[in-house]
Chemist: 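The structure's right below; bear with me while I get my questions together.
The figures that follow rest on heavy atoms only: side chains count, while hydrogens, waters and symmetry mates do not.
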Amino acid sequence: MPSVFLKKETLVYHDPAVDIRFKESVKKKLLEFSSQHIGDKLAVVLDEAVLTAPVIRESLPDGVVIISGSITEEDAHRIVDRLNLISGCR
């Protein structure tokens, strides 16, 4: 499972952001997928419900996904809480 963090600020515009860091074993698959799907949406699904579906802006070589831009601080907290619950981070 990924480790999930809430970033209250990003480098651009100080918007709320969700920082998802995947395990080493997922990095290669994430890089391949993201490289082939730049400009497409990547749905984050939990219990058959889409939590968010951000656009892939660039390839993701480090296993880190940052969801930012059009999410509110409330959305960011909701996503982090749900992902932390399933990943056992809390």
Chemist: Measuring only between side-chain heavy atoms, which start at C-beta, is Asp19 closer than 4.5 Å to Val64?
Modeler: yes
Chemist: Between Phe33 and Ile56, does a side chain to side chain contact (heavy atoms under 4.5 Å, CB included) hold up when you go through it step by step?
Modeler: CA-CA 10 Å; Phe33 182 85; Ile56 299 170; 3.9 Å; yes
Chemist: Drop me the distance from Leu42's CG to Leu30's CG, to the nearest 0.5 angstrom.
Modeler: 7.5 Å
Chemist: Listed by chain and number, what are the side-chain contact (heavy atoms from CB on, under 4.5 Å) partners of Ser59, not counting sequence neighbours?
Modeler: Leu31, Ser34, Ser35, Pro61
Chemist: Give, for atom CD of Glu58 and atom CD1 of Ile66, the distance between the pair rounded to the nearest 0.5 Å.
Modeler: 8.5 Å
Chemist: Determine, stepwise, if the pair Val55 / Arg57 fulfils side chain to side chain contact (heavy atoms under 4.5 Å, CB included).
Modeler: CA-CA 6 Å; Val55 174; Arg57 301 265 182 234; 3.6 Å; yes
Chemist: Would you call Asp81 and Arg78 a salt bridge, using N to O less than 4.0 angstrom?
Modeler: no
Chemist: Does Lys41 have any salt bridge (Lys or Arg N to Asp or Glu O under 4.0 Å) partners at least two apart in sequence or in another chain, and if so, which?
Modeler: none
Chemist: Is any side-chain heavy atom of Asp47 less than 4.5 Å from a side-chain heavy atom of Arg82?
Modeler: yes
Chemist: Closest approach of Val18 and Ile71, non-hydrogen atoms and distance?
Modeler: CG2-CD1, 4.1 Å
Chemist: So which atom in Asp62 and which in Lys27 form the shortest heavy-atom distance, rounded to 0.1 Å?
Modeler: O-CE, 3.2 Å
Chemist: Say you draw a straight line from CD1 of Ile79 to CG of Leu51; how long is it, rounded to the nearest 0.5 Å?
Modeler: 6.5 Å
Chemist: Decide whether Val45 and Phe22 are clustered together by the hydrophobic rule: side chain heavy atoms of Ile, Leu, Val, Met, Phe, Trp, Tyr closer than 4.5 Å, transitively.
Modeler: no
Chemist: When Val44 is tested against each of Val65, Val50, Leu83 for side-chain contact (heavy atoms from CB on, under 4.5 Å), which residue passes?
Modeler: Leu83
